[in-house]
Number of protein chains: 2
Amino acid sequence: MNDISLLAYALLGLLQQEPRSGYDLRKIFASTPMGTFSDSPGAIYPALERLGKRGLVRSRIEETSGLRRRRLFRPTAAGIRAFKTWQTKTIVREDVIHSVDELMLRFSFMDETGSAAEARRFLKGLKSELGGYIPNLRRYLAKNSPDMPLSGRLAVESGIRGYETLFRWAKTAMSAYSKRKRRGTRR
Amino acid sequence: MNDISLLAYALLGLLQQEPRSGYDLRKIFASTPMGTFSDSPGAIYPALERLGKRGLVRSRIEETSGLRRRRLFRPTAAGIRAFKTWQTKTIVREDVIHSVDELMLRFSFMDETGSAAEARRFLKGLKSELGGYIPNLRRYLAKNSPDMPLSGRLAVESGIRGYETLFRWAKTAMSAYSKRKRRGTRR
DNA sequence: TATTACATGTAAGAAGTTACATGATTAG
DNA sequence: CTAATCATGTAACTTCTTACATGTAATA
C-alpha cells in the first residue's frame with residue numbers, strides 16, 4: 001500500500017532540486033548517467049499520476065510558454081518526508097545483495113536533501129555491510145571453485161570485484177566528506 | 001512475442017546443466033550468488049509454465065521419490081537454440097548501459113553451452129563497448145562536476161569505477177582463456 | 001506433536017514495456 | 001511543406017510481487 005517504486009523515488013528526488021515537467025524528467029533519464037531509469041512516457045506519466053494521488057507531489061499548468069502546455073510538478077511536504085525516510089533507512093545485508101542501485105540513488109541526493117552527517121552515516125553503514133558480505137562471497141568461491149566451469153568462476157569473481165570496488169569507493173567518499181568538514185566548504 | 005525474460009534465460013541455462021525441479025531452481029536462487037533472481041514460487045513456476053507453452057522446455061513427473069511428486073524440467077532442442085542465440089548476440093552500447101547483469105548471466109554459462117572461442121569473442125566485444133563508453137562518462141563528469149553537489153559527483157564516480165573494474169576484469173578473463181588454450185586444459 | 005524441509009501451485013495487484021495518439025511550434 | 005523538437009497522455013500486454021493454499025515426510 002505505501003510502497004513507492006524506485007523510479008518514483010528518483011522522480012521525487014529530482015523534483016526537490018527544482019519543479020519540472022514530465023518531459024524534463026524524461027530528458028534527464030535520456031541524457032545523463034541517471035539513464036538507468038526508463039525515459040518512456042508510459043513509465044513516467046503514470047508514476048507522476050500515482051505520486052499525485054498519494055499526495056506526494058502536486059502540479060500546476062505553466063501558462064507562460066508559447067509551446068504546448070507544460071505541467072510542472074513539485075513535491076509536497078509529505079513527499080519530502082517520504083523521500084527522507086527512505087533515504088535515511090538503515091542499510092542491511094539484503095540491500096547490498098539485491099539493491100545496490102537503490103543505495104546509490106539514495107546517496108546521490110544526499111547533499112541536496114540530507115545533511116553531511118547523514119552522508120557519513122550512510123557510508124559507514126555501507127562499508128559495514130560490504131565488509132561483512134564480501135568475505136562470504138570469497139568463501140563461496142573458494143569452496144565451490146573446483147566444481148565450477150571457468151566462466152562461472154569468472155562471473156562470480158566479477159561480482160566480488162564489483163563489491164570490492166564499491167567498498168573502496170565508500171572509503172574515498174568518506175574521506176571526501178571529512179575533508180569538506182575540516183575545510184568547512186560546500187561543494 | 002518471442003521475447004524471453006532474464007529469469008527465463010537463467011532457468012534455461014541451469015536446466016542445461018542437468019534436469020531440475022522448480023524447487024531445485026528456487027534453492028539455487030536462494031543460496032548462491034545467482035540469488036539476484038527471485039526465488040519466489042510465484043515467479044518461477046509461471047516462468048517454467050510459459051517456457052513449456054513456447055516449447056522451450058519439457059517436463060516429466062519423477063516417480064521414484066518417496067516425497068511429494070517432483071516435476072523435472074529439461075530444455076528442448078528449440079530451448080537450447082534460443083539460449084545459444086541469446087548468449088552469442090553481439091554486444092552493443094545499450095547492453096553496457098542498461099543490462100550488465102544480463103551480460104554477466106550470458107557469460108556465466110559460456111563454458112557449458114558455448115565454446116572458448118565464443119567466450120573470447122564475448123570478452124572482446126565487452127572490452128570494446130566499455131572502452132568506448134567509459135570516456136563518455138568521464139567527460140560527462142568533468143564537464144558537469146562544477147554544477148553537481150558532492151554526493152552527486154561521488155555517485156557518478158562510483159558508476160565509472162564499477163565500469164573500470166569490469167573492464168579490467170574482462171582483460172584478466174581474456175588472459176585466463178588464453179592461458180587455458182595454450183595449456184590445452186579444461187576447468 | 002509440532003516444526004522444518006520438501007514440493008507445487010494460484011490469485012490479485014503493481015508497475016513496467018511497447019506502441020499508439022494527439023497537438024503546437026520552429027527550423028530548414 | 002516537412003521534419004524535428006517540444007509535450008502529454010492512453011491502452012494492451014507481460015511479468016513480477018506478495019500472499020495464500022495444499023500436501024508429504026522426517027526430525028526434534
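Note that this is a predicted model, so its numbers are computed, not measured. Numbered from 1 within each chain, the chains take letters A, B, ... in sequence-line order.
Partners of B/Phe167 under the ring pair (Phe, Tyr, Trp, His ring centres under 6.0 Å) rule, at least two apart in sequence or in another chain, do not exist in this structure. By the ring pair (Phe, Tyr, Trp, His ring centres under 6.0 Å) test, B/Tyr177 pairs with no residue at all, sequence neighbours left out. Applying the ring pair (Phe, Tyr, Trp, His ring centres under 6.0 Å) criterion to B/Tyr133, with sequence neighbours excluded, gives B/Tyr163. By the side chain to side chain donor-acceptor pair (under 3.5 Å) test, A/Arg20 is found to be paired with A/Gln17, residues two or more places apart in sequence or in another chain being considered. For B/Ser128, the side-chain contact (heavy atoms from CB on, under 4.5 Å) criterion is met by no residue, not counting sequence neighbours. Partners of A/Thr32 according to the side chain to side chain donor-acceptor pair (under 3.5 Å) rule, which considers only residues two or more places apart in sequence or in another chain, do not exist here.
Fit an axis to the five pairs at each end of the helix from C/dT1-D/dA28 to C/dG28-D/dC1 and the two axes sit 20° apart, to the nearest 10 degrees.
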Please report, to 0.1 Å, the donor-acceptor pairs under 3.5 Å made by any side chain of residues 99-107 of chain B, with sequence neighbours excluded.
from	atom 1	to	atom 2	distance (Å)
B/Glu102	OE2	B/Trp86	NE1	2.7
B/Arg106	NE	B/Trp86	O	3.2
B/Arg106	NE	B/Gln87	O	3.1
B/Arg106	NH2	B/Gln87	O	3.0
B/Arg106	NH2	B/Lys89	O	2.5

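Clustering of Ile, Leu, Val, Met, Phe, Trp and Tyr side chains at separations under 4.5 Å leaves B/Leu72 isolated, with no partner residue. Residue A/Tyr45 belongs to a hydrophobic cluster whose other members are A/Tyr23, with links defined by side-chain heavy atoms closer than 4.5 Å.
Taken residue by residue, residues 92-101 of chain A places no heavy atom nearer than 4.0 Å to DNA chain C. For residues 34-53 of chain A, proximity to DNA chain D is found at A/Pro41, A/Gly42, A/Tyr45, defined as any non-hydrogen atom under 4.0 angstrom from a strand atom.
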